[in-house]
Amino acid sequence: MSYPYQLTTLDAYHDAYRRSVADPEEFWADIAENFLWKKKWDKVLEWNFTEPKIEWFKGGKLNITENCIDRHLELKADDPAIIWEPNNPEERTRIVTYARLHKRVCQFAQVLKNNGVKKGDRVCIYMGMVPELAYAVLGCARIGAIHSVIFGGFSAQSIADRLEDAQATFIVTCDGAYRGGKDIPLKSIIDDALIGNKTIQRVIVYTRTRTPVSMIKGRDVWWEDEMEFAETQVEREGVVSFPAEEMDAEDPLFILYTSGSTGKPKGVVHTCAGYMIWTNYTFVNVFQYTPGEVHFCTADIGWITGHSYIVYGPLSAGGTSLMFEGIPTWPDAGRFWDIVQKHKVNILYTAPTAIRSLMGFGLEPIDGKNLSSLRVLGTVGEPINEEAWHWYNENIGHKNCPVVDTWWQTETAGTLISNLAGVTPSKPSWATLPLPGVQPLLVDENGKEVTEKDEHGYYNGNLCIKAPWPGILRTTYGDHERCRTNYFATYPGLYFTGDGCLKDENGNYRITGRVDDVLNVSGHRIGTAEVENAINMHSGVVESAVVGYPHDIKGQGIYAYVIVNHKHGDDDLTKRDINQTVSRIIGAIAKPDKIQFVSGLPKTRSGKIMRRILRKIAEGESGNLGDTSTLLDPGIVEEIRSGKL
Ligand code: PRX
C-alpha cells in the first residue's frame, strides 16, 4: 500500500498546507477517501469554538478496526502488525501478524459481548505493555465500547476517581506487569480501587506474571478462559469474524484522562473518524513511513503517544509497530539499542527524558550495536534541549537520520507541529512547522496576536490554534463546560494549548513549556493543584504549594513548599510520609523531588499564593523576585529563600 497523501517534497508540503487552509473541507475530504467507510459523510466539517462544537465527517459511518485490521488482510495477512519485545530479553519475542491480530481482536470483542459489554459502555483498561492490551483496546473499538486506558503507574485512588468520572462498567487488567526489575501487582491495585465502587460489573484478568490474585466470584473472570470459550463459540457457531459495529464518525472512540491546572484530571474525548484520520495522516507524513518498516514508539499505551503511535496510527497505515514491555535501562542501558539491532528498527520515537537519561551512561552501551537500520528518529512529550538533540542525532542517528521534534498534546490526538522527516528542514530544539490543517497563532496575555519581535528577534507568546483539525478533542467526558472553560474561553474564538512558544521569521515554532499550572515531569503531565491536594491529605500538613524547577533528566522536577503542624519523627521521615501519601493518592510519578518545610507561604492580601516567587526561588533565580510589595508578609520570602534546597 502506498499513501497518496504522503508529502514527500518541500513543495508538496507547502502546497498541501496552502490548500488545507484555503479549503479545509475539500482538503480533508480528499484524504478521507483513502479510508474504509460503511457510509460516506454528509458534511466534512461543522464547527464553532464558542460552545465549542466540532464535527468532522458528520453522517459518515465506519469502524476504526476495519481500517486498522480488516482492510489489510487481503495483502498483508502474514505481515507483522505488532512485534512484541518482552521485558526480559531472555523471553521469546512475539510476532502478531495482521491475520492473528484480526483473530484475537474479534475473539476479544466476542468476550466483551459475552460479558455484557455494549456499544457506548466505558471499559477501563489497566494493563502492562503486552499485545493483549492492544487486543483489548481494539476489541472495545470493534464493538463500539469506549475504552479508557489508565497508565500502570497510577494508584488505586487515581483509578477509582477515573472509574467514577467515566461511570465505567468493565475493567480489563493483568495479574501483574513486569517493568524492569519490578513486578507491579496490577490486579491488587484494581481490587483496592474497587472498594466502594458501585458501577463495575466485571473484571477480566489476563495472566502475565502469575502473581497470586484474589478472584471474586461473579465479578472477576480470567482472560484465558473467556478467550477459549469465545474460540469454541466461533467454531460452534461458524463465526469467522466478529462483525465490526457501525459507528458514527462522531461517536466517542475513547476517553483518556490528563492533568490540567485544576485538581481533577479531565477525561479527554476523541471520536472515531477524526481521530483515525489525524493519527494516520500524521504518522504517514511526520515519519515518512514506508510500508514494511518497523516503527518503534517507546511510549506506554497508557498515554496518548502510545494510543496514537503504537496502536492506531501505525495499524491504520498497515504498518509494523514494535511494542516494548520494559524500560530503557533494564537489564542495562543498552536495551533500546539491542532492540533496534534485533528487530532492525527503522523509526525510533522516544522522549527527551529517555535520551537524557541514556546520555548519562555514556557511549559504552551503544558500542558495537548495529543501528544501521535506523532511518528516522523522533522525540515527543517535552521540549528537547540542544545537547540531547545533538547527542541523539550524532550517536544514534550518526547524522544520517532526520530527527523529528513532534509537538502535540493528549487533546490534539496527534502531532500538530513538527518537521516531516527528510522533507522539511529540522532545527535543533524547534518543533518547526505546522502540519497541514494546523493554524497556530501566538497571542499576548490579552489575546492579541503578537506582531512585534522580542529582543532575541522572535515572536514570543501563548500558543493558540485558530481552527479545528480532525483530531481536536470534542469534549471532556461528562462536563462539556469544563472543556469550554479550559481550552476555549481564555482567548475567545481560539483553542488555547497552555504552552508558551517562540516563532522565528521563517515561521518555525519552538515550544518553551507550559504557561499554566501544569508540570511536565519526564514527559508526564501533572497538575500542581493535584499534587498539592495529595500533599494536603497528609494528616500533619496545613498547606502546600507546588512548582516546577529545571531537572537535568526529568526536564522538570516537582518542588513542594509545605507547612506542617505536626512532624511525626524527624524531617526526613515526615518527608517520606508525605511522599507515601502522594504515591497513594496519585501514584509514584507525582512524588515531589524536593520538599521544603516553611512556616508560611507568600500570599497577596487577598490570600492568593504568589507562585511566581516560589517558582523563581525553586529555579534558583531568587536574585530577581520582581515586585513583592503586594505581599501580606514580605518577611516570609527571606525565610523561604534562605531555606532553599
Ligand atoms: O507542554 C507540551 C509538551 O507536553 C504537553 C502535552 O502533554 P501530553 O498531553 O501528556 O502529551 C504528551 C505527548 C504528546 C504539551 O502541552 N510537549 C509535547 N511535545 C512537545 C512538548 N513540548 C515541547 N516539544 C515537544 N515536542
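Numbering of ligands and ligand atoms starts at 1, following listing order. Values reported hereafter were calculated over all heavy atoms of this structure, with side chains retained and with hydrogens, waters and symmetry mates removed.
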Practice item. Determine whether the aromatic ring centres of Phe488 and Phe49 lie less than 6.0 Å apart. Key: yes
Exercise for review: Quickly, which of Ile277, Val284, Thr282 forms a side chain to side chain contact (heavy atoms under 4.5 Å, CB included) with Asn280? Name it, please.
Suggested key: Val284
Point to revise | Atoms of ligand 1, numbered as shown, that sit under 4.0 Å from any heavy atom of Asp499 | key: 1 (O), 2 (C), 15 (C), 16 (O)
Exercise for review: Please report which non-hydrogen protein atom sits nearest to atom 7 (O) of ligand 1, along with the residue it belongs to and the distance in Å to one decimal place.
Suggested key: Arg525 CD, 3.2 Å
Exercise for review: Would you confirm whether the ring centroid of Phe361 sits within less than 6.0 angstrom of the ring centroid of Trp337?
Suggested key: no
Review point. Of all the non-hydrogen atoms in the protein, which one sits nearest to atom 24 (N) of ligand 1, and at what distance?
Key: Glu382 O, 3.3 Å
**Study point:** Side-chain donor/acceptor of Gln556 to backbone N/O of Asn520, under 3.5 Å
**Key:** yes
Check your understanding: Quick one: does Gly381 get within less than 4.0 Å of ligand 1, heavy atoms only?
Key -> yes
Review point. Of all the atoms in ligand 1, which lie at a distance below 4.0 Å from a heavy atom belonging to Val380?
Key: 13 (C), 14 (C)
Check your understanding: Which of the atoms of ligand 1 are close to Asp405, meaning less than 4.0 Å from one of its heavy atoms?
Key -> 24 (N), 25 (C), 26 (N)
Point to revise | Nearest protein heavy atom with distance in Å, relative to atom 23 (C) of ligand 1 | key: Pro383 N, 3.1 Å
Check your understanding: Per the side chain to side chain contact (heavy atoms under 4.5 Å, CB included) rule, which among Asn48, Leu473, Ile54 passes with Pro468?
Key -> Ile54
Revision key, fill the gap. Ligand 1 to Trp408, heavy atom cutoff 4.0 Å, flagged ligand atoms 6 (C), 14 (C), 15 (C), 18 (C), 19 (N)
Practice item. Could you tell me the residue and atom name of the protein heavy atom closest to atom 13 (C) of ligand 1, and the distance to it rounded to 0.1 Å? Key: Thr305 OG1, 3.4 Å
Exercise for review: Could you walk me through whether Tyr275 and Ser308 pass the side-chain contact (heavy atoms from CB on, under 4.5 Å) test, one step at a time?
Suggested key: CA-CA 9 Å; Tyr275 176 82; Ser308 300; 2.8 Å; yes
Point to revise | Polar contact flag, side-chain donor to acceptor under 3.5 angstrom, Asn385-Arg356 | key: yes
Point to revise | Arg514: numbered ligand 1 atoms lying under 4.0 Å from its heavy atoms | key: 1 (O), 15 (C), 16 (O)
Point to revise | Under-4.0 Å heavy-atom contact with ligand 1, by part of Thr410 that carries it | key: both
Check your understanding: Taking the six-membered ring for Trp, are His524 and Trp303 ring centroids under 6.0 Å apart?
Key -> yes
Exercise for review: For ligand 1, indicate whether the residue Asn520 contacts it via side chain, backbone, both or neither (heavy-atom separation under 4.0 Å).
Suggested key: side chain
Review point. So is Gln409 polar-close to ligand 1, meaning N/O to N/O under 3.5 Å?
Key: yes
**Study point:** Output field: ring centroids Phe287/His295 closer than 6.0 Å
**Key:** yes
Practice item. For Thr406, counting its heavy atoms only, list the atoms of ligand 1 lying under 4.0 Å from any of them. Key: 19 (N), 20 (C), 25 (C), 26 (N)
